[in-house]
Number of protein chains: 2
Amino acid sequence: MRRDVFQAIADPTRRAIIVLIALQAMTPNAIAGHFDTTRQAISKHLRILTECELITQEQQGREIYYQLEVKKMKEIDKWLEQFRKIWESRFNQLDEVLLTIKKNKK
Amino acid sequence: MRRDVFQAIADPTRRAIIVLIALQAMTPNAIAGHFDTTRQAISKHLRILTECELITQEQQGREIYYQLEVKKMKEIDKWLEQFRKIWESRFNQLDEVLLTIKKNKK
DNA sequence: TATATTTGCAACCGATTAGTTTCGCAAATA
DNA sequence: TATTTGCGAAACTAATCGGTTGCAAATATA
């Protein structure tokens, strides 16, 4: 069973859940209230998100509050890092081209 | 058929392809040489990546060179932006706590 | 104690996925 | 011209996915 951060954020509902609980922890019922599906479906998403450690849970009586593990999101950021270098350098190359054109105009 | 950047990078093979062609354009055959699958399977991945505009192709005789559309990767970066604010502010809060501890020690 | 609420889990279902094999087409080469 | 090479598309398959319904367990409330 493949279960990584990238597969976790592939589903739009899971991305919405992530955004939803980013600022404050929420119970499955409360989360499900924001979507047009059953609570069980949301529960499944929460299980997947938990399995790849994107969220953590905190029991409070019979309620369970789910919270985003923001630092796990950095894994995506880390992967993007290598491309950030490229797209920045490509811009630099473009800058150089423009600079050369300017110089030639003189 | 859902086809967005997040679904595109969900597959580990596709992520590897993206990394592979990030620096220089490559033909399907050359790409397939790096993996333990058939060229046709790679071709399918390339189609998906093309459909969500993550890569572009350039015909050269009977060869087709695939190249990464780096700027499309920024879409992921853009989505991460909202969390970057959170994880930075969380760190700031931690900094403040540590600062308070330091002050109290005086 | 009896009942209601909150939740996770299992079983099932249709759709999608990633892979395979087979094929046809166009370009290069003998 | 005949053959090889590079490629995408179609048909098929096993596995996975996202959703459903129907439970059971634990906690709160009457």
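Chain identifiers are assigned alphabetically (A, B, ...) following the order of the sequence lines, protein sequences preceding nucleic acid strands; residue numbering begins at 1 within each chain.
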Query raised in the report: Between the base of dG8(D) and the side chain of Lys44(B), is there a donor-acceptor distance below 3.5 Å?
Result: no
**Report entry** Phosphate-side-chain proximity, Ser43(B) and dG8(D), N/O vs OP1/OP2 below 4.0 Å
**Finding:** yes
Requested in this report: Mark yes or no for a side-chain to base donor-acceptor pair under 3.5 Å between Gln40(A) and dG22(D), with no hydrogen or angle criteria applied.
Outcome: yes
**Report entry** Along DNA chain C (nearest heavy atom to each residue), the more 5'-positioned of His45(B) and Tyr65(A)
**Finding:** Tyr65(A)
Requested in this report: Verify the contact: side-chain N or O of Asn29(A) to OP1 or OP2 of dT7(C), cut-off strictly under 4.0 Å; return yes or no.
Outcome: yes
Report summary line: Assign each of Ala41(A) and Leu46(B) the nucleotide of DNA chain D bearing its closest heavy atom; nearer the 5' end lies the nucleotide of Leu46(B)
Query - d(CD, Gln57(A); C1', dA26(D)) in whole Å - result: 15 Å
Report task. Answer yes or no: does a side-chain N or O of Arg14(A) lie under 4.0 Å from OP1 or OP2 of dG18(D)? Result -> yes
Query raised in the report: Arg47(A) CZ to dG19(D) C1': how many Å, rounded?
Result: 14 Å
Requested in this report: Please name the pair of heavy atoms, one in Arg14(B) and one in Ala8(B), separated by the smallest distance, quoted to 0.1 Å.
Outcome: NE-O, 2.7 Å
Query raised in the report: Now, which nucleotide makes the Watson-Crick or G-U wobble pair with dA30(C), with each of the two distances under 3.5 Å?
Result: dT1(D)
Query - Side-chain donor/acceptor of Arg39(B) to base of dG8(D), under 3.5 Å - result: yes
Report task. Starting at CD of Glu75(A), measure out to CG of Asp77(A) and round the result to the nearest 0.5 Å. Result -> 11.0 Å
Query raised in the report: Does Arg62(A) get its side chain close enough to the base of dT7(C), under 3.5 Å, for a donor-acceptor pair?
Result: no
**Report entry** dG19(C) OP1/OP2 closer than 4.0 Å to side-chain N/O of Thr13(B)
**Finding:** yes
Report summary line: Between Thr27(A) and Gln60(B), the residue closer to the 5' end of DNA chain C by nearest nucleotide is Thr27(A)
Query - Distance, rounded to the nearest Å, where Asp11(A) contributes CG and dG18(D) contributes P - result: 5 Å
**Report entry** Whole angstrom value for the distance that separates C1' of dT20(D) from CG of Asp36(A)
**Finding:** 13 Å
Query raised in the report: With Lys72(A), which of Leu54(A), Leu49(A), Ile55(A) fulfils side chain to side chain contact (heavy atoms under 4.5 Å, CB included)?
Result: Leu54(A)
Report summary line: Between Arg39(B) and Ala32(B), the two heavy atoms sitting closest are CA-CB, 3.8 Å
Query - Gap between atoms OH and P, on Tyr66(B) and dG6(D) respectively (whole Å) - result: 15 Å
Requested in this report: Starting at atom CD of Glu58(A), determine the distance to atom P of dT6(C), rounded to an integer number of angstrom.
Outcome: 18 Å
Query - Ala25(B) versus Gln67(B), closest heavy-atom pair with distance - result: CB-CB, 4.0 Å
Query raised in the report: dT16(C) phosphate, OP1 or OP2: any side-chain N/O from Arg3(B) under 4.0 angstrom?
Result: no
Query raised in the report: Between dC17(D) and Gln7(A), is there an OP1 or OP2 to side-chain N/O distance shorter than 4.0 Å?
Result: yes
Requested in this report: Any chance you could measure Ile42(B), atom CD1, to Met26(B), atom CE, to the nearest 0.5 Å?
Outcome: 10.0 Å
Query raised in the report: For Ile48(B) and dT17(C), what is the distance between atoms CD1 and P respectively, to the nearest whole Å?
Result: 7 Å
Requested in this report: Figure out the CD/P separation between Gln59(A) and dT27(D), and round it to whole Å.
Outcome: 7 Å
Requested in this report: Identify which nucleotide among dG19(C), dT20(D), dT7(C) has an atom closest to any side-chain atom of Thr37(A), counting heavy atoms from C-beta outward.
Outcome: dT20(D)
